[in-house]
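Chain A is the first sequence line, chain B the second, and so forth, proteins listed ahead of strands; every chain is numbered from 1. Just so it is clear, the model here is predicted, and its values are computed rather than measured. Computation of the quantities below employed the complete heavy-atom set of this structure, encompassing side-chain atoms and omitting hydrogens, waters and symmetry-equivalent molecules.
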Protein chains: 2
Amino acid sequence: MATIQIGPQVQKPVNSRGEQTRNRILEAARTLFYRRGYARTSFTDIVNETQIRRGNINHYFRTKRDILEAVIDQNVDEYRRLFRQWEQDCPEPRDRLHRFVDMVAGNSSNLIRYGCPIGTLGSELGKDSSDFSDGARRLFDTFADWLATQFELLGKKADARRLALHLLCRTEGISIIAHVYNDPALIETEIAPLHAWIDAL
Amino acid sequence: MATIQIGPQVQKPVNSRGEQTRNRILEAARTLFYRRGYARTSFTDIVNETQIRRGNINHYFRTKRDILEAVIDQNVDEYRRLFRQWEQDCPEPRDRLHRFVDMVAGNSSNLIRYGCPIGTLGSELGKDSSDFSDGARRLFDTFADWLATQFELLGKKADARRLALHLLCRTEGISIIAHVYNDPALIETEIAPLHAWIDAL
DNA sequence: GTCTATAATACGATAGAC
DNA sequence: GTCTATCGTATTATAGAC
């Protein structure tokens, strides 16, 4: 849905000093939340990582949870941008699905060290009294929706969502086990049948 | 490897008051770690849950991490006991594998609310500077080893470990996605092909 | 074995000067 | 927009009486 602009549009200064500071905070938080988990990442960790003073961070994000929400938004945006790129690169939806599976394989060194960036956050946020399972679902929906669209384009209209969730189950499971066992070979072994599965559709 | 006993064996009083207290602590911790995660569970939470005083808990477990290790040991023991039960109930290894898959389906209400008890703990412990990925691996090995044994008994000697890890990938992936989406139907849908897969081996 | 009291620290968040 | 200083609380862990 487009928003109607009245009068000259006020251009948001995307590279202002404030914007840069905010982005540095966000980037550090994203990495730390991924590598150490949200609960174990402290405000002080972010201060040390960015060298930005405590009070200044609080100027951009009043609470730690505000940072989390912004990090999730950033993740969603980034994956959507990636999907758009794939759509441009691959006219065939089948090739886009292969791209998705290849992304898992291509990111194996991070997956092995820290687990899936979406899945581990999802597990943590889904837990009791984290009252933020919305964030986890929003993150997964970014993937599920896009994957379902590709299956629809493949003519699997009725089963699109089921197939999308199936593929997510497969890749998430691989990420967990490969992470626990620090085993890159397992990713290769488990990814291969997924490519075959996509081709057989 | 059996230990040779010399002289009359000293029987450990398994139902002494101390043992009972220790077990109550352990049971509460196990539930809390599962439902809220290890990092977000505090000593105070365990005190409130058990009504056992702080100092008394520290008499049995000096540190929070000591509790974690004991909880993992307890989990390992309990699953091993369950596996022995299955071995008695089912002479056919194929039926035992079906039992394993059914366990996931039968535990769906907990899986949906809190995720997989092994997988979520594994994700959390595998993270950076938790320096306790051993615990996660030990937990998963309890399953992987037993599953591999069943595949060997099925005549899949060469592929036993690969098949075991594949099955773990599948069930863990299902747990994650069903948890994030609070979707019990997804468990049923995704479990069915696993039974078929076992039968087709 | 059980309890109370408390030490020592890390945390999230705020106030207010510049 | 950036900084220093600090409040109030929650945390793990310990000391020592009973």
Next on the checklist: Run the side-chain hydrogen bond (donor to acceptor under 3.5 Å, both in side chains) test against A:Q85 and tell me which residues pass, sequence neighbours left out.
Outcome noted: A:D89
Item to check | A:D95: salt bridge (Lys or Arg N to Asp or Glu O under 4.0 Å) partners, not counting sequence neighbours | outcome: none
Checklist entry - Which residue pairs pass the salt bridge (charged side-chain N to carboxylate O under 4.0 Å, His left out) test when at least one of the two sits in residues 54-75 of chain A, sequence neighbours left out? => result A:R65-A:E69, A:R65-A:D131, A:D73-A:R138
Next on the checklist: Enumerate the salt bridge (charged side-chain N to carboxylate O under 4.0 Å, His left out) contacts for residues 100-127 of chain B, please, sequence neighbours excluded, ordered by first and then second residue.
Outcome noted: none
Item to check | Pairs involving residues 172-184 of chain B, ordered by first then second residue, that meet side-chain hydrogen bond (donor to acceptor under 3.5 Å, both in side chains) (sequence neighbours left out) | outcome: A:D141-B:Y181
Checklist entry - Quick one: on DNA chain C, does A:A39 or A:G55 contact a more 5' nucleotide (nearest heavy atom)? => result A:A39
Checklist entry - Using a heavy-atom distance cut-off of less than 4.0 Å, which residues of residues 24-36 of chain A contact DNA chain C? => result none
Next on the checklist: What is the separation between atom CD1 on A:I52 and atom P on D:dT4, rounded to the nearest whole Å?
Outcome noted: 13 Å
Checklist entry - How would you label the contact of A:R54 with the nucleic acid (heavy atoms, under 4.0 Å): base, sugar-phosphate, or nothing? => result base
Checklist outcome for this item: Rounded to whole Å, the CG-P distance (A:N58 to D:dC7) equals 17 Å
Item to check | Start and end of chain B contact along DNA chain C [non-hydrogen atoms, under 4.0 Å] | outcome: C:dG1 to C:dT4
Item to check | Near-strand residues of residues 59-67 of chain B, defined as heavy-atom separation under 4.0 angstrom from DNA chain C | outcome: B:H59, B:Y60
Checklist entry - Got a sec, which residues hit salt bridge (Lys or Arg N to Asp or Glu O under 4.0 Å) with A:D45, two or more places apart in sequence or on another chain? => result A:R36
Item to check | Cationic N near anionic O, under 4.0 Å, B:K156 to B:D159 | outcome: no
Item to check | Contacts of type salt bridge (Lys or Arg N to Asp or Glu O under 4.0 Å), residue A:E27, not counting sequence neighbours | outcome: A:R30
Checklist outcome for this item: The ring pair (Phe, Tyr, Trp, His ring centres under 6.0 Å) partners of B:H195 (sequence neighbours excluded) come to B:H98
Checklist entry - Listed by chain and number, what are the ring pair (Phe, Tyr, Trp, His ring centres under 6.0 Å) partners of B:F43, not counting sequence neighbours? => result none
